[in-house]
Structure formats: structure tokens, C-alpha cells
Chemist: 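One structure, as C-alpha cells, below. Some questions next.
Just so we're clear, the structure is a prediction, and the values are computed from it rather than from any experiment. All chains are named by letter (A, B, ...) in the order of the sequence lines, taking the proteins before the strands, and each is independently numbered beginning at 1.
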Protein chains: 2
Amino acid sequence: MNVAESLATIDHPALRRIAALAPLGADERSLLHTAMTRNLRTVPARRDLAIEGRPVDQPLIVLEGWAFRSRILNDGRRLIFDFLVPGDLIGFCAHKNPLAMTTISTLNPVTVCVAPQPLDDSVGEGLAEAYAVSHALEQRYWLRQMTRLGRLTAYERVIDWALEMFERCHVGEAVWPTSLRLPITQEVLGDTLGLTSVHVNRTLKALMRDGLLQIAGGKLTLLDRERCTRIAGIQQARVSGASLYR
Amino acid sequence: MNVAESLATIDHPALRRIAALAPLGADERSLLHTAMTRNLRTVPARRDLAIEGRPVDQPLIVLEGWAFRSRILNDGRRLIFDFLVPGDLIGFCAHKNPLAMTTISTLNPVTVCVAPQPLDDSVGEGLAEAYAVSHALEQRYWLRQMTRLGRLTAYERVIDWALEMFERCHVGEAVWPTSLRLPITQEVLGDTLGLTSVHVNRTLKALMRDGLLQIAGGKLTLLDRERCTRIAGIQQARVSGASLYR
DNA sequence: CGCGTTCTTGACTGCTTTCAAAGATGGTGG
DNA sequence: CCACCATCTTTGAAAGCAGTCAAGAACGCG
């Protein structure tokens, strides 16, 4: 691996996010790098990466694009559990013969690679730790989603969700940008927040009017992060002593 | 230990539930049995077994009593994520230095024991599998909870939740009893379903009027399981996840 | 440029909450 | 055994947040 490749890979958002979860050795980074440059698969937008109830196959890493986990009720109602962005893991299961618990669908073209397995105790300890922390974070997001759906108003839900998206996309980074590209419609956001798209629209208008945040043109912009954080007001528990958050 | 004790333990709901998750060898049952008769700890009602943000200590098995996982917002709003009943596991984490993601509080006196660790690959494979399946089930319940909170009406939420409680308490059992003792108030149920206790009360009245189920005197009774299943059945996943198009 | 998707807005409906107060329940001590 | 108290349940009236329905405007892609 030459220097140019090394730099390019180190800058890859997916690798950056995974590396932020646990300290990785040079050999582990190399394992990841190899996986990320081979066995790539790109799935077009609006396709399923997994279908609820079907057997889970190889564990994957999302390298490019966005996807979401959802469930659709018999009468058509849909709930979106969460989004998968570069650096997220798919299909890790500790037990035998696992079945997919949710459907995973792409929002735009998604590139994945097979997640490398830890080789032995020396090469892979950090990797295993990173996978475990990634899983713990996912659980934390699910708890936060339950709290949003169960106890926050529409206004609060949008704010809290927006902050979470920044967190997810910038794990371990000291500074957040002020905006984030989102390939999602208001309908998708509604199904994520347990609202109708009409009410999402009205709520977004109110949030912009109040100078808190803006979602327009496929871009989420935090207009007043300070005030958003205060309104969301949910205490955030850290999952690990490691300094993932500041 | 005399025979009577042994029989009593084999019939113990906690052991029965864990054994239903994966085939356990005689030595593994023995490990569990030893753990379940030593190092017991009983915590009174209305105490915390864990506090969000604090370090997680030994993994535990609930032997007796009920507890719940919750989060309380700054202004006092509370969401209950799920309930822990005999046979449920607490404090299993794959990564280092884990912190509790939720507070766990007891509803009545709860007896726990330390969960035995698998000894090696021969004695413990089934145990490890049981723990993994238990964890997967927990995640499944969380997804179901998100769906309830995000997309079901109050009426549907109560029904779906009631069926889930029977499922949780009778994992792997062919026949369900028609009723279940629940040490929970309507206030607790409201915080579980994202409703006010007042509306829970009204909804319960409606469900009883419609002959579907009854929650009274600390007992949940399924009056018409068939019809309840049909109403909650909207939660059954559709095979065609393909998602964006309705 | 044209068409389908997405966004926006208004009017109306309705599920759920809020507020308040009375009634039931269960445990405790006299 | 009963009085007493705290907790929990129940009910009504009014208000509010979010959903529904509908239609026009804006956007983006080919």
C-alpha cells in the first residue's frame, strides 16, 4: 500500500467512523483497507439490502450512500427505525442462523463491502471492540428513538433527530459542520418520527421561523445548535468510558 | 441440596425461559443451577438495579420479580422501554468499560443472581448461544416497541403490548394461560405506551367493553386472544419490504 | 420543456392530553 | 376488626396537537 492510497483511505468517512470507536492497530487498519477495496457491491437506490424474516448473510460495512431500517404494517403504515450511513455495520449477529429483524432499503446508491473478521486475539481485538461499540451505539440510538416517539412533541422530535443525525455522521469528531446532506423526503422523515408528512412540513416551517434548523434542498442545516441542544434536552448516556463524545 | 429443591429449580420460570432459548447440556444446567442457588440478591420494590450512565458491573439473571428499563427527561416526562421478568438478563455488554444505557428500577422485590460465564468451548457453547438469543429477542422487542409508539393507536398499542407480555413470559411454551399477574399501575403502562394514565384508563375500559382484554386487580386477562391477535396482526411484517412505494 | 414527485397550504376532524375531583383500593396501626 | 391514609382508578369537560382530505405550487429529472 503506497502513501497516496493510505491517505485516501484514512480520509474515507467509513473508515474514519469505525476507527473512532476503538483504537486499531496497523494490521487491523490494513485488514479494513483490503476489505474496503475488494468485494465491493453497489446497490441502486430504492432497493432492499435485507428483508425482514430472511436469513442474514455476511456482515457488511456501508461505504457510500444512505439506507434505512423499516417495518411496514399490513395496512400500509410504515415506521423507519433508523438510518445507515457510511461506516455503519449490517448483519452482525452473535447467535446461530439469524434472521433479519428489519427490512433495510437504500435511499440512494449504496456501496458496501464485506466486514473483515478478526483473525485471532492479537490481530482483531481492536476490530472486535469497534464492532461491539458500533453495536452498542446502535442500541443507544434505538433507545433514543423510542424516547422521541413516546414522549417528545413533533417540534422536539425533529430537533432531537436532527442532532442525532449529526452525531451519527460525525462520531468522534471534535467539530461538527453546520450542515449535512440528507437524501430523504419529508415523507421518509414522517415515517421516522411517527408523524404525517404534512405535519413534518408544518413543523419544519415552524423550526425555520424560529431560527432553529432548516431542512431544504436535501440539506439539513443547524441554525442555532445551542438552542436546539437545550430544547432536545434529553440526557445522553455514554455507552463506554472511551471518549466518544468530547 | 435435596430432591425437592432440585425439582423446584428445574421448574423455575427463569431457568425454563433460558433453557428454551438454546439447547443446554447437563453441565450447563448445573452451572446455571449453582448460580441460581448462590450469590442471590434481593432488591426491594421501587429501587434501582442500574442507573443510566453509571458503569455496568456483573451480568445478572432475574430470578423473581419485575423491573423496568426507563429514561426520565429533564422536565419529568418518563418513557419505559421494556420490562424485565424472571429469566431476563441484565448487564451483558460485548465492549469494554460499558455504561448503563438505561435506568433499571424494580416494581416489586426482585431477586437476581450472577449470570454464569461459559467455562470454555465445550461447557458453555449452549449457554453463550442462549445469552445471544436472549439479546436478539430483546432487540426484537425494542423494534416492536418503536413500531407501537410510532405507528399504532392507543387501542392497538395496549393490545399489542399485552400480547407481547404473554410472549415474553412464556417463551418457548406451547400453551399460554389466559391471564398473567402484572405488578404495574396504569401510570406505568402509560409511560410504557407513550400515553397518559388517563387515556390508558379510557382505552382499557374500551377494550373491556369490546371483550378483548382486561387489566384489573394486578392481572392481565386475554378475553379474546383470536381477535386481539388479528388486531395486533397489523404489526406482522409484510414480505415485500420494498418499501418506498406503497 | 414536460411530467411525476415532492412540497406547501387551508379547512376541518379527531385522538389524546390536561385539569379537576370524586371514588375505589389496599396496607397499616390502633 | 375497623379507621385511616396514601395510592391508584375513574369520570367529565374543555383544549390542543396531530391527522385527514384536497388542491395548487415548486422542484427535479430525463
Chemist: Is there a side-chain contact between A:Val188 and A:Phe83, using heavy atoms and a 4.5 Å cut-off?
Modeler: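 Contact flag for A:Val188/A:Phe83 side chains = yes.
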
Chemist: Nearest whole angstrom, please: distance from the C1' of D:dA18 to the CG of A:Leu149.
Modeler: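 So the two atoms are 14 Å apart, to the nearest Å.
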
Chemist: List in chain and number order the residues that pass salt bridge (charged side-chain N to carboxylate O under 4.0 Å, His left out) with A:Arg157, two or more places apart in sequence or in another chain; answer none if no residue qualifies.
Modeler: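 A:Arg157 satisfies salt bridge (charged side-chain N to carboxylate O under 4.0 Å, His left out) with no residue once adjacent residues are dropped.
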
Chemist: Considering only heavy atoms from C-beta outward, does the side chain of A:Ile80 approach that of A:Arg69 to under 4.5 Å?
Modeler: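 Side-chain contact under 4.5 Å: no.
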
Chemist: Write down the distance between CG (A:Asp75) and P (D:dT20), rounded to a whole number of angstrom.
Modeler: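 Rounding to the nearest Å, CG of A:Asp75 and P of D:dT20 are 11 Å apart.
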
Chemist: Would you indicate what B:Arg46 reaches in the nucleic acid, counting non-hydrogen atoms under 4.0 angstrom: base, sugar-phosphate, or nothing?
Modeler: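 B:Arg46: backbone/sugar contact only, no base atoms under 4.0 Å.
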
Chemist: In terms of the nearest nucleotide of DNA chain C, which residue is placed more toward the 5' end: A:Arg202 or A:Arg151?
Modeler: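 Going by which nucleotide is closer to the 5' end, it is A:Arg202.
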
Chemist: Given salt bridge (charged side-chain N to carboxylate O under 4.0 Å, His left out), test B:Arg16 with B:Glu173 step by step and report yes or no.
Modeler: CA-CA 9 Å; B:Arg16 195 166 2 106; B:Glu173 296 176 28; 2.8 Å; yes

Chemist: Rounded to the Å, how far apart are A:Leu107 CG and C:dT5 P?
Modeler: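 Going from A:Leu107 (CG) to C:dT5 (P), I get 17 Å.
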
Chemist: Considering residues at least two apart in sequence or located in another chain, which fulfil the side-chain hydrogen bond (donor to acceptor under 3.5 Å, both in side chains) criterion with B:Asn108?
Modeler: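 For B:Asn108, no residue satisfies side-chain hydrogen bond (donor to acceptor under 3.5 Å, both in side chains) once neighbours in sequence are set aside.
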
Chemist: Round to the nearest Å and state the distance from B:Glu156 atom CD to C:dC15 atom C1'.
Modeler: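 Value for this atom pair: 12 Å.
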
Chemist: Would you work out how much the helix from C:dC1-D:dG30 to C:dG30-D:dC1 bends between its ends, with each end axis defined by five base pairs, to 10 degrees?
Modeler: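 About 50° separates the two local helix axes.
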
Chemist: Rounded to whole angstroms, how far apart are CD on B:Glu187 and C1' on D:dT10?
Modeler: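 So the CD-C1' distance, B:Glu187 to D:dT10, works out to 14 Å.
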
Chemist: Within this structure, what is the CD1-to-P distance between A:Ile184 and D:dG28, rounded to whole angstrom?
Modeler: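 Taking CD1 of A:Ile184 and P of D:dG28, I get 16 Å after rounding.
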
Chemist: Count the heavy atoms belonging to other residues, nucleotides or ligands that lie under 6.0 Å from CZ of B:Arg140, then report whether that count exceeds 12.
Modeler: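 Result for CZ/B:Arg140: open.
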
Chemist: For DNA chain C, which residues in residues 203-222 of chain A have a heavy atom at a distance below 4.0 Å?
Modeler: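 Under 4.0 Å from DNA chain C: A:Lys205.
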
Chemist: Side-chain contact test, heavy atoms from C-beta onward, threshold under 4.5 Å: evaluate it for A:Arg77 versus A:Ile72 and give yes or no.
Modeler: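 Counting from C-beta outward, A:Arg77 and A:Ile72 never come under 4.5 Å.
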
Chemist: Using side chain to side chain donor-acceptor pair (under 3.5 Å) as the criterion, point out the one residue from B:Trp161, B:Trp142, B:Tyr141 that pairs with B:Asp82.
Modeler: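 The side chain to side chain donor-acceptor pair (under 3.5 Å) with B:Asp82 is passed solely by B:Trp142 among B:Trp161, B:Trp142, B:Tyr141.
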
Chemist: Figure out the CZ/C1' separation between B:Arg77 and C:dT17, and round it to whole Å.
Modeler: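 Whole-Å distance recorded here is 13 Å.
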
Chemist: Can you tell me if B:Thr203 uses its side chain to pair, donor with acceptor, with the backbone of B:Tyr155 under 3.5 Å?
Modeler: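 Absent.
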
Chemist: Where along residues 192-201 of chain A does a heavy atom fall under 4.0 Å from DNA chain D?
Modeler: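 Within this stretch, A:Gly194, A:Leu195, A:Thr196, A:Val198, A:His199 sit under 4.0 Å of the strand.
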
Chemist: Should A:Ser179 and A:Leu220 count as side-chain neighbours, where that means a heavy-atom distance under 4.5 Å?
Modeler: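 A side-chain contact is absent here, since even the closest heavy-atom pair is not under 4.5 Å.
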
Chemist: Rounded to whole Å, how long is the line connecting atom CZ of B:Arg157 with atom C1' of C:dT17?
Modeler: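 Going from CZ in B:Arg157 over to C1' in C:dT17 covers 13 Å.
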
Chemist: Under 4.0 Å from OP1 or OP2 of C:dT5: is there any side-chain N or O of A:Gln186 that close?
Modeler: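 Indeed not, no polar side-chain atom of A:Gln186 lies that close.
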
Chemist: Please name all residues satisfying side-chain hydrogen bond (donor to acceptor under 3.5 Å, both in side chains) with B:Thr42, sequence neighbours left out, ordered by chain then number.
Modeler: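 Here the qualifying residues are B:Thr111.
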
